[in-house]
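For reference, the structure discussed in these notes is given below.
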Protein chains: 2
Amino acid sequence: MGYKVSKAVVKRLPKYYRYLKQIKSKGIVRVSSSELSQITGLTPSQIRQDLNHFGGFGQQGYGYNVEELIGELQNILGMTVKYNAIILGAGNIGQAIAQYTGLSDTKFNITAIFDKSKKLVGKKISDIEVNPIDYLEPYLKKNDVHIAIIAVPLESAQELADICMDNGVKGIWNYAPLDLKVREGVRVENVHLDDSLFTLTFYLTNPWAAEKK
Amino acid sequence: MGYKVSKAVVKRLPKYYRYLKQIKSKGIVRVSSSELSQITGLTPSQIRQDLNHFGGFGQQGYGYNVEELIGELQNILGMTVKYNAIILGAGNIGQAIAQYTGLSDTKFNITAIFDKSKKLVGKKISDIEVNPIDYLEPYLKKNDVHIAIIAVPLESAQELADICMDNGVKGIWNYAPLDLKVREGVRVENVHLDDSLFTLTFYLTNPWAAEKK
DNA sequence: TAGATTGTTAATCGATTAACAATC
DNA sequence: TAGATTGTTAATCGATTAACAATC
């Protein structure tokens, strides 16, 4: 703890969390790295290595306490921190995110939604009213917003991201199909849906390329 | 061509495609690996290595012809192959995918949408009528469906995926927050939205972990 | 032709896996 | 205590980067 962690490790953490929750729902109290290996498909070594980046959560001869490990992962993943987020773009994607209920064991908090379309402004999406996009900047100045979720078309994405970054936003969850340019200290996570589809059609088209693992 | 390609390489291909389209729209005709390096942030070496998995598309002393390389990437990524896809789940995510216009330079083709909710059945989403989920199996038997897009809740995802795989579907684009179990020869691409969000909150919560690259 | 830039091999770096001593 | 399983170091594997000869 306190040193760099490779992106490969970070991307596996939510996966551990997901499987542990599943295990817990079956009433299982303890789990070993080799049991986790069987259900996740990762190696026991890798699982132990990954977790040990953040602390020794296991116990020799016993394994890991499921509930305890879930708690640790919630801390590690920032699920216990209150983050205020706003959604830019109230189209299907924006609405889907606003209505997504899977974040209920999280302190993640959507405080406002903005859209430029007059048709959508004023509409309520899971109890949050859609604001005109002009209100974005004043809103950011008045409120403490940590994360901006960008669900607008390609054209306006960078411009809106800039406004957010100019006003203290430190994390961007980007659904627009481009790589946003961000300043030092700001973190972007991209959800490039079409990239993902193309990797699928790639493998269907080139079965010979079939990945080693 | 004809041997295994690592997943890391495959994931960069759509990125190349995206940047090349952008370059082309600026009227640029040729590009070198070092120019591509500057705009993508990847190294020239890596770009040349990646492309050479699929053929020698460049020319010494010249670089790459932008339009030609775009064409090659379209072939490689399967954009020139006609794939029939169906969407399972007509909620926000399903609708967003059905309405997404970014696939226009693709032969990718959404032929049907299914949902279990009576409220949605019969509704038209970009000219495609939503069918009841019971029609899924007969539809698959009658039509040639290559890809199933799973945009249903966690609970029904695996069951529906099984029906699809039993009836010839070879690719699954999965939006449900679980890792689907698939049989030999079937390819899944997961879009785990919450995993993505958690990697974002992870970095905001643990700035010391800030990724090397 | 000379200059530029590729394609490709070799060197380096980092991530995964294996092994094992520590210990519950 | 004996058995199990971790935490952690060492070995292996694979991916990235560097270098350079081939060639347009």
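Computed from heavy atoms alone, side chains included, the values below leave out hydrogens, waters and symmetry copies. A, B, ... follow the sequence lines: proteins, then strands. Residue 1 opens every chain. The model shown is predicted, which means the values in this text are computed figures rather than measured ones.
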Apply the salt bridge (Lys or Arg N to Asp or Glu O under 4.0 Å) test between B:Lys15 and each candidate in A:Asp179, A:Asp195, A:Asp194; give the one that qualifies. A:Asp179

Taking the side chain as C-beta and beyond, is there a heavy-atom pair between B:Val191 and B:Asn174 under 4.5 Å? no

Roughly, in whole Å, what's the span from NE2 in A:His53 to C1' in D:dT8? 12 Å

Below the 4.0 Å mark, does D:dT16 have OP1 or OP2 next to a side-chain nitrogen or oxygen of B:Thr43? no

Taking only the side-chain nitrogens and oxygens of A:Ser33, find out if one of them lies under 4.0 Å from OP1 or OP2 of D:dT5. no

Taking CD in A:Glu67 as the centre, count heavy atoms belonging to other residues, nucleotides or ligands within less than 6.0 Å. Is the count above 12? no

To the nearest angstrom, the CZ-P distance between A:Phe57 and C:dC24 comes to 17 Å

Taking 4.0 angstrom as the limit, do A:Asp166 and A:Arg183 come out as a salt bridge? yes

Across the strands shown, which category fits B:Ser34 at heavy-atom distances under 4.0 angstrom: base, sugar-phosphate, nothing? nothing

Does B:Gln49 get its side chain close enough to the base of C:dT8, under 3.5 Å, for a donor-acceptor pair? no

Taking only side-chain N and O atoms of A:Arg48, does any of them lie within less than 4.0 angstrom of OP1 or OP2 on C:dT17? no

May I ask you to decide if B:Ser32's main-chain N or O and B:Glu35's side chain share a donor-acceptor pair within less than 3.5 Å? yes

Without decimals, in angstroms, what is the distance between B:Asn52 CG and D:dT23 P? 14 Å

Between D:dT6 (P) and A:Glu68 (CD): distance, integer Å: 13 Å

A:Asp50 side chain to A:Gln46 side chain, donor-acceptor N/O pair below 3.5 angstrom: no

Whether the side chain of B:Asn206 engages the backbone of A:Ile76 through a donor-acceptor N/O pair (distance < 3.5 Å, no angle test) should be reported. yes

Report the distance from atom NZ of A:Lys7 to atom P of C:dC13, rounded to the nearest whole Å. 23 Å

Spacing between B:Gln60 atom CD and C:dG7 atom P, to the nearest angstrom: 6 Å

Nucleotide nearest B:Arg30 (side chain, heavy atoms from C-beta), chosen from D:dG7, D:dA15, C:dT5: C:dT5

Could you write out DNA chain D as a dot-bracket string, with dots for unpaired bases, | for bases paired across to another strand, and Watson-Crick or G-U pairs counted at under 3.5 Å? ..||||||||||||||||||||||

Under 4.0 angstrom between B:Gln59 side-chain N/O and C:dT6 OP1 or OP2: no

A:Phe202-B:Phe54 aromatic ring centre distance below 6.0 Å: yes

Closest of C:dT17, C:dG7, D:dT6 to the A:Ser32 side chain is D:dT6

Would you indicate, yes or no, if C:dA4 has its OP1 or OP2 atom less than 4.0 angstrom from a side-chain nitrogen or oxygen of B:Tyr64? no

Take atom CD of A:Glu35 and atom P of D:dT5, then tell me their distance rounded to the nearest Å. 7 Å

Taking atom types as modelled and ignoring hydrogens, do the side chains of B:Gln99 and B:Ser126 form a donor-acceptor contact shorter than 3.5 angstrom? no

So, does A:His146 use its side chain to make a donor-acceptor pair with the main chain of A:Tyr83 at under 3.5 Å? no

Atom CD1 of B:Ile47 and atom P of D:dA15: how far apart are they, to the nearest Å? 18 Å

When you match A:Leu42 and A:Tyr62 each to their closest nucleotide on DNA chain C, which lands nearer the 5' end? A:Leu42

Nucleic acid contacts - residues 15-27 of chain A versus DNA chain C, non-hydrogen atoms under 4.0 Å: none

Given the structure, check if the side chain of B:Ser45 and the base of D:dA18 hold any donor-acceptor pair shorter than 3.5 Å. yes

